[in-house]
Amino acid sequence: ECGYISLPAPIIRLGDPITVSCIINQNCTSLGPESQIRWKLDTELQPGGRQQHLPNGTLQSTITFPHFNYSRALLSCCLHWGNGLQILDQAELQAGYPPPPPYNLSCLLNLTTNSLKCQWEPGPDTHLSTHFTLKSFKSRGNFQTQEDSIPDCVPEDGQNHCSIPRKHLQLYQNMSIWVQAKNALGTSTSPKLCLVPMDMVKLEPPTLWALEPSPEVAPPQPGCLRLRWETWKPSLHIEQKCELRHQPQRGESSWDLVGALPSRSLQYELCGLLPSTAYTLQMRCTRWPLPGRWSDWSPRLELTTAQQ
Amino acid sequence: ECGYISLPAPIIRLGDPITVSCIINQNCTSLGPESQIRWKLDTELQPGGRQQHLPNGTLQSTITFPHFNYSRALLSCCLHWGNGLQILDQAELQAGYPPPPPYNLSCLLNLTTNSLKCQWEPGPDTHLSTHFTLKSFKSRGNFQTQEDSIPDCVPEDGQNHCSIPRKHLQLYQNMSIWVQAKNALGTSTSPKLCLVPMDMVKLEPPTLWALEPSPEVAPPQPGCLRLRWETWKPSLHIEQKCELRHQPQRGESSWDLVGALPSRSLQYELCGLLPSTAYTLQMRCTRWPLPGRWSDWSPRLELTTAQQ
Amino acid sequence: PLSPASSLPQSFLLKCLEQVRKIQADGAELQERLCATHKLCHPQELVLLGHSLGLPQASLSSCSSQALQLTGCLNQLHGGLVLYQGLLQALAGISPELAPALDILQLDVTDLATNIWLQMEDLRMAPASLPTQGTVPTFTSAFQRRAGGVLVVSQLQSFLELAYRVLRYLAEP
């Protein structure tokens, strides 16, 4: 080789000092006392290289960057030659931060895909390529002792979520989950989440329908509404409780809430409302009495109460 | 096994006759003279099974379908037992046609993807799963002798086109290309296409611009238009000729054509038109004098000729 | 008879009930597809084949309400689920259309078996070692796997019906 750059490390911490040296061999060119090694950072010539002729006839230059503040830079070792500069070697230098611990780790059990989807916050940019891995294991009582390991879940590039497939899950057993972040400068892990997958089930909202007036059934009383609802089909096997909220469409009144409703009703009469008034109704459900998450509110159902 | 169906072939030609037999073993159930084997096609009971007790104590029934006209059917061998039928074996029978030779094979060289995209007509439905493969080889002069083989190009399921990647192509050498169609009942091949990939280049249309009037240049004569154009960037290395067509926007007059124009002009004046009339212009180009395909016509440029 | 659920946590029983309902739904899904795709809709049409396959059955004799014996009942519940886990596993390769439904059913059966076993361990009711799956028939053709699927799922549904009644009885406050 004509010349070569030697770096202490290709990746350093942003702002850290770094000293780099370049050695040029005699077989490259005749190295007289006037030979001058010059450094370039990307395209900028850099002052301050300390040059010395080594006993074995090679020429060495060393340069120090007290606070290296480029997340990525190309360092070139050049030699004055004729009336120009000859580039003899290049090295890519990167700088950034070790990964901060990921945080806000949360998981939801998706009943359609049957997978446990976890997401997290990666924390500030490290300027370096950082890989996240969702790690977990099944454990009995106290979440500490690992029983069966679960294969790592590797998110797609740049994504901060990962889904553990059903075949790796025991839906009713304790599980410890955490995120590991890793780049060239270090590794960090998020706080551990201890959960039972089934308790993380997030239901889709129920569906509300107006009850069509029918000859056999007396019309609703003034200030009353009739409706029916059904929970989301994939959750039929889950015992749930639901909440109904309603408010007049016009005006600023807040929502009124009717709690602890069954997960399915073929006919429900809501009374105590203003007569001949247009109302907006929404419902949400949650797994109950076993733990679960509230679904989102259902799409709005608009009904008008019977006249006085 | 209780009973089993034996088919001469799981796939036959639509309309052909087929004779199927079912043999029931003694260890399945006691086979008295009153035992009766019945056949079902999907869910329909079929008349006409010929039944016989074989010397080894087994019971065999044979049924013939003179013209089997189902592209796919489920054949069940059943036995009267108690007051119902017992299903003892099932076999899936398919019928269709051997693949007709694919036709209308044509190819275009795409300069953006650098691949040779060929497409073809598959011919009438064979009712069977039929696989198409685009086969080709490089050959010297007469397209007959195969020199270098090219890996088969397998289209995505159900697609009737395939793209041979650049790394398998020699753009300026002869190539023989054909399509093979294959299903359970046979194989067929399309007529061979002999081509030189580069001669199949299909250019994207050129781009037309109006020339902005400028102080240094005298305004155009009445009945004249000024414009400029440039060919599609990836084809700049290809010598081309272009055609310009124009017609008044109003009225029914057909297109007028100006042929043999260069592939690039910074300033072109088109005269001999009606003064103060709005015209629509389009241009297309082709590789020339070397062989090539005309590009599509460019998007329309609308210009109005100078007044009298 | 033993007063129900004297030693079984309510949350355990509610989870088991939920799991049984899920497995019943999974089983119904598989039965629907076997009927639609392969015209195998009635187990009664496959009795002869069932005899020749020699499908083992699971008993819940210790769970009858007249003579409920809790440890024996839980053991039989767990043993039956392990048996069906093995039978469902033997159906692997049933057909591409049915494979996803069969996988989910198998996973859910395994989950319930594990829950019962872990609860028995917590209550020191579990036998010294896990029961083995026992001899499972080999299905030698695609038809046998599908017909076997109809028979196995039909038996599983009856088993679950009984199990559900027992669990409900045990969960009564």
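Within every chain, numbering begins at 1; the chains are lettered A, B, ... in the order of the sequence lines, protein sequences first and strands thereafter.
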**Q** Inspect the surroundings of OH in C:Y164 and state if more than 12 heavy atoms from other residues, nucleotides or ligands are less than 6.0 Å away.
**A** yes
**Q** Tell me yes or no: between the side chains of B:T187 and B:Q180, is some donor less than 3.5 Å from an acceptor?
**A** no
**Q** Is chain B contacted by the side chain of C:Q44, its backbone, both, or neither, given a heavy-atom distance below 4.5 Å?
**A** backbone
**Q** Can you check whether C:L118's main-chain N or O pairs, donor with acceptor, with C:N115's side chain at less than 3.5 Å?
**A** no
**Q** Between B:L85, B:N25, B:D89, which residue shows the highest count of heavy-atom pairs closer than 4.5 Å to chain C?
**A** B:D89
**Q** Non-hydrogen atoms of chain C under 4.5 Å away: do they reach the side chain of B:L74, the backbone, both or neither?
**A** side chain
**Q** Measuring heavy-atom distances to chain C, does B:I5 have an atom under 4.5 Å in its side chain, in its backbone, in both, or in neither?
**A** neither
**Q** Could you check which of B:L79, B:D42, B:L88, B:T43 has the highest count of heavy-atom pairs closer than 4.5 Å to chain C?
**A** B:L88
**Q** Would you confirm whether C:Q10, through its side chain, and C:A171, through its main-chain N or O, come within 3.5 Å as a donor-acceptor pair?
**A** yes
**Q** Using the six-membered ring wherever Trp is involved, compare the ring planes of B:W81 and C:H51 and label them parallel, tilted or perpendicular (cut-offs 30° and 60°).
**A** perpendicular
